[in-house]
Amino acid sequence: MADVKPYILVLYYSRHGATAEMAQRIARGINEVEGIEARLRTVPAISTVCEAVADSIPEEGAVYCSEEDLRHCAGLALGSPTRFGNMAAPLKYFIDGTSSLWLSGALINKPASVFSSTSSLHGGQETTLLSMMLPLLHHGMLISGVPYSETALFSTEKGGTPYGATHVAGSDSNQPLTEDELAICLSQGKRIATLALKLTGENT
Ligand SMILES: Cc1cc2nc3c(=O)[nH]c(=O)nc-3n(C[C@H](O)[C@H](O)[C@H](O)COP(=O)(O)O)c2cc1C
């Protein structure tokens, strides 16, 4: 993959658009770092009829993530809406299909970060973020958060944690990201991109 510019995979699931908006802001932060770019990918919804196959290209938004997108990333930003304090099933389903990457150690020593959206202020953002870190640790990834040098962590009255960017989307899941939430997303994107560039020599 020497001819491909290094990229951070921004992989997310979003039903109402809040996590997608966070992903776009994190991607902007990544793209502000020279020498690396963001690759936005999503996963299809899943249903109880598990044999149903989604169209290979979604009607709108980011395209679906392939195993190769994940294999060759220089780093990962993983985003999910909170579902009962945990990540959403479509994202978990995708991750559960990454055994071959685990077996080959493809993600070892690559930096990763996580982000999430909830409806309510105390609706489980941190537990979701922590749950999302677990499979990434099994993959040998280096988990990074958001340091308090990002001052929006002090001023935010909605989302934003040192474990990763978060957003409080409200009961109708339609609240826009606040300035602080946007700043934290941007800073998380910049950080994961910078870390990936620093680690690139060790990954290849
Ligand atoms: C099954 C289900 C469980 C949910 N659990 C939580 C929860 O534990 N805490 C919370 O604040 N919001 C919860 N929500 C609300 C979602 O987190 C919210 O709709 C989401 O953050 C919006 O993100 P999106 O626009 O990317 O889909 C839940 C929603 C669904 C459908």
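Side-chain atoms are counted along with the backbone in the values below, which use heavy atoms only and exclude waters and symmetry mates. Order of appearance sets the numbers: ligands from 1, and atoms from 1 within every ligand. Counting from 1, the numbers follow the sequence of the chain as shown.
- For ligand 1, the atoms closer than 4.0 angstrom to any heavy atom of Gly85 are 8 (O).
- Residue Gly17 has at least one nitrogen or oxygen atom sitting less than 3.5 Å from a nitrogen or oxygen atom of ligand 1, judged on distance alone.
- Of the candidates Thr19, Thr166, Thr82, it is Thr82 that places a heavy atom closest to atom 6 (C) of ligand 1.
- With Asn31 contributing its side chain and Ala27 its backbone, the two residues share a donor-acceptor pair below 3.5 Å.
- Around the CZ atom of Phe94, the shell of radius 6.0 Å holds more than 12 heavy atoms that belong to other residues, nucleotides or ligands.
- Other residues, nucleotides and ligands contribute over 12 non-hydrogen atoms within 6.0 Å of the CZ atom of Arg83.
- Looking at atom 12 (N) of ligand 1, its nearest protein heavy atom turns out to be Ser119 N, 3.2 Å.
- Scanning the protein heavy atoms around atom 5 (N) of ligand 1, the nearest turns out to be Phe84 N, 2.8 Å.
- Two residues are said to be in side-chain contact when any heavy atoms from C-beta on lie closer than 4.5 Å; Leu177 and Cys185 meet this criterion.
- In this structure, the protein non-hydrogen atom closest to atom 25 (O) of ligand 1 is Ala18 N, 2.7 Å.
- Ser173 OG, 2.6 Å is the protein heavy atom nearest to atom 19 (O) of ligand 1.
- Near Ser120, meaning under 4.0 Å from any of its heavy atoms, are these atoms of ligand 1: 10 (C), 11 (O).
- Shortest contact from atom 20 (C) of ligand 1 to any protein heavy atom: Pro81 CB, 3.7 Å.
- Scanning the protein heavy atoms around atom 9 (N) of ligand 1, the nearest turns out to be Gly123 O, 2.7 Å.
- Scanning all protein heavy atoms for the shortest distance to atom 29 (C) of ligand 1 gives Arg83 NH1, 3.5 Å.
- Distance alone, capped at 3.5 Å, is enough to place a donor-acceptor pair between the Lys110 side chain and the Cys73 backbone.
- Taken together through direct or relayed side-chain contacts under 4.5 Å among Ile, Leu, Val, Met, Phe, Trp and Tyr, Leu91 and Leu134 form parts of separate hydrophobic clusters.
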